[in-house]
Amino acid sequence: MLSIKYIQENKKEVMARLQIKNFEAEAIIKEAIATDNNRRATQQKLDTCQSELNSLSKEIGNLFKSGKVQEANSAKQKTTELKEEIKNLTQELSEYEKQLHNILIRIPNLPNPWINSGKGAEDNVLIRSGGNIPCLDDKSLPHWELAKKYDIIDFELGTKITGSGFPVYKGQGAKLERGLINFFLDEAIKAGYKEVIPPLMVNEDSAFGTGQLPDKDEQMYFVGSDNFYLIPTSEVPVTNIYRDTILNASELPVKNTSYTPCFRREAGSYGKDVRGLNRIHQFDKVEIVRIELPENSYSALEEMVVHVENLVKKLELPYRIMRLCGADMSFTSAMTYDFEVFSAAEKKWLEVSSVSNFESFQANRLKLRYRDENDKKIKLAHTLNGSALALPRIVAALLENNQTADCIIIPAALRSQTGFDKIIC
RNA sequence: GGAGAAAUGGCAGAGUGGACGAAUGCGGCGGUCUUGAAAACCGUUGUCAGGGCGACUGGACCGGGGGUUCGAAUCCCUCUUUCUCCGCCA
């Protein structure tokens with residue numbers, strides 16, 4: 001959420017930058033400013049009334065003490081009207097606050113000034129690419145068939161137990177999954193991230209804090225009996241560790257990593273890229289989350305990109321890094337890099353990571369602040385996160401790219417984790 | 001799940017109707033002393049949204065919400081959380 005103060009002070013700039021996200025801003029910005037002006041005027045009136053009541057109350061107290069009961073009682077009558085007005089103004093103020101809040105949460109984050117607008121995914125900017133795309137012969141199989149051939153991932157069994165999109169990993173498949181999780185966690189810890197294991201369900205406040213609510217509630221599984229949401233990413237619980245917090249500047253940066261399963265309903269995406277592991281309802285992901293001083297957040301973003309790049313390099317996967325254009329960026333992001341790996345049998349680029357700087361957008365919702373060492377003022381921190389990495393599509397690419405006629409070769413970097421160097425029948 | 005107790009500033013902990021945004025201690029920050037440090041002493045030290053160019057200024061906040069009252073940290077209702085005991089249990 002953008003802060004209303006910033007909007008008030010930088011109206012033109014805000015509108016211009018929102019345009020880059022193809023967001024029609026003029027009407028809503030005007031509405032926000034008008035509502036804020038009303039809010040402030042109401043608060044001023046209310047403050048005056050309350051001040052009057054306070055001093056009247058003091059007077060009454062003094063009158064009673066000095067035994068002037070008659071005068072005290074007549075003074076009491078004066079408060080009736082004031083109290084009525086205070087009641088009305090309080091209600092009015094809370095109405096304006098609610099209104100303003102409802103407006104502000106509909107305004108997306110400002111894209112970083114470097115970002116070009118674009119029309120969609122086709123306008124994303126290729127930053128770097130690496131690795132070699134393998135040449136597979138005609139008999140190469142897509143990963144879902146490899147999964148069946150080697151009996152390592154069972155989609156039908158998951159459908160029986162739960163429903164579609166809940167695969168069962170078996171034998172070497174399970175070990176590969178666990179090995180990848182350990183590999184990603186170990187790499188993150190080596191890079192200075194602290195591992196945390198958060199709850200897999202969050203309350204409404206947390207889901208709001210990172211921006212999943214109110215708009216994306218249909219993407220999350222909801223446990224109605226307790227009003228909890230199953231996390232769609234560990235970004236939600238891990239970032240919310242710092243909700244309603246004021247950190248000392250010396251505590252920054254905060255660098256956390258966490259492995260969790262992620263749960264996504266994927267409502268509305270049926271039939272689209274859903275074969276095999278490409279889009280499933282429960283999947284494993286290792287996430288990196290950072291809280292930074294504003295002046296450091298972009299160098300942190302670059303560091304995170306390098307970290308993720310090293311992971312795909314070590315896995316020897318062909319990859320490319322795209323910087324998203326305004327039109328393709330998420331509501332909450334100021335700058336996002338997507339990582340894609342090439343899955344050779346499907347002949348498709350698969351998104352395996354998204355690394356974003358949210359600047360102060362999440363922090364404002366979360367009330368995540370720090371004390372500036374120079375002017376001692378409390379300011380919003382910057383939050384960033386990225387997948388490092390999401391497992392299913394990595395597994396898909398590993399299976400497809402490394403297949404031979406009778407086995408699947410495990411990349412060297414992973415063998416100490418899996419304990420085997422190839423998957424066989 | 002049953003019974004009881006509690007929730008106050010960074011922490012500990014006082015405060016049961018007005019002078020309390022809140023004693024005191026610890027911690028933090030600044031200073032005096034010291035070659036330096038410690039100790040001692042002095043000062044300072046919450047958040048939120050306002051008004052004012054500013055020095056400042058008035059408002060709200062004692063777990064959340066509601067109520068009683070001229071006036072609430074204090075009384076009442078309700079919710080949440082924590083602790084203790086009992087029951088059940090990985």
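Given the structure is predicted, the values throughout are model-derived calculations rather than measurements. Residue numbering restarts at 1 for every chain, and letters A, B, ... go by the order of the sequence lines.
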Checklist entry - How would you list all residue pairs meeting salt bridge (charged side-chain N to carboxylate O under 4.0 Å, His left out) that involve residues 5-21 of chain A, not counting sequence neighbours? => result A:Glu13-A:Arg17
Next on the checklist: How many whole angstroms separate atom CD of A:Glu251 from atom C1' of B:G10?
Outcome noted: 11 Å
Checklist outcome for this item: Quick note, salt bridge (charged side-chain N to carboxylate O under 4.0 Å, His left out) partners involving residues 391-400 of chain A, not counting sequence neighbours, are none
Next on the checklist: Looking at B:U47, I'd like to know if its phosphate oxygens (OP1 or OP2) sit under 4.0 Å from a side-chain N or O belonging to A:Arg371.
Outcome noted: yes
Checklist outcome for this item: Atom CG of A:Leu63 and atom C1' of B:G18 are separated, to the nearest Å, by 13 Å
Checklist outcome for this item: With sequence neighbours left out, the residues meeting salt bridge (charged side-chain N to carboxylate O under 4.0 Å, His left out) with A:Arg39 are A:Asp36
Item to check | Residues forming a side chain to side chain donor-acceptor pair (under 3.5 Å) with A:Gln362, sequence neighbours excluded | outcome: A:Glu235, A:Thr383
Next on the checklist: Please list all pairs meeting side chain to side chain donor-acceptor pair (under 3.5 Å) that have one or both residues in residues 186-200 of chain A, counting only residues at least two apart or in different chains.
Outcome noted: A:Asp186-A:Gln417, A:Glu187-A:Lys190, A:Glu187-A:Lys314, A:Tyr193-A:Arg290
Next on the checklist: Please verify the inter-ring angle class for A:Tyr229 with A:Phe222; under 30° counts as parallel, over 60° as perpendicular, anything in between as tilted.
Outcome noted: tilted
Checklist entry - Which pairs, with at least one residue in residues 24-43 of chain A and sequence neighbours excluded, count as a ring pair (Phe, Tyr, Trp, His ring centres under 6.0 Å)? => result none
Item to check | B:A22 and B:G13, which share atom name C1', separated by this distance in whole Å | outcome: 12 Å
Checklist entry - Which whole number of Å gives the distance between the C1' atom of B:G28 and that of B:A12? => result 15 Å
Checklist entry - Can you give one letter per nucleotide of nucleotides 48-67 of chain B, going 5' to 3': B for a protein heavy atom under 4.0 Å from the base, S for sugar-phosphate only, - for none? => result SBSS------BSS-------
Nucleotides 77-82 of chain B: which of its N/O atoms have a protein N/O under 3.5 Å away?
none

Next on the checklist: Within the 3.5 Å criterion, strictly below it, is a donor on A:Asn112 or A:Tyr298 matched to an acceptor on the partner's side chain?
Outcome noted: yes
Restricting both atoms to N or O, compile the protein contacts to nucleotides 68-74 of chain B shorter than 3.5 Å, with distance only.
residue: B:C70; atom: O2'; partner: A:Ser57; partner atom: OG; Å: 3.1
residue: B:G71; atom: OP1; partner: A:Lys83; partner atom: NZ; Å: 3.2
residue: B:G71; atom: OP2; partner: A:Lys83; partner atom: NZ; Å: 3.3
residue: B:G71; atom: O4'; partner: A:Ser57; partner atom: OG; Å: 3.4

Checklist outcome for this item: So ring pair (Phe, Tyr, Trp, His ring centres under 6.0 Å) across residues 5-49 of chain A, not counting sequence neighbours, yields none
Checklist entry - Can you list the residues that meet the ring-ring contact (aromatic ring centres under 6.0 Å, His included) rule with A:Tyr337, with sequence neighbours excluded? => result none
Checklist entry - Pairs in or reaching into residues 304-313 of chain A: which pass side chain to side chain donor-acceptor pair (under 3.5 Å), with residues at least two apart or in two chains? => result A:Arg128-A:Glu309, A:Glu309-A:Tyr319
Next on the checklist: Between C1' on B:U47 and CG on A:Leu380, what's the gap in Å once rounded to a whole number?
Outcome noted: 14 Å
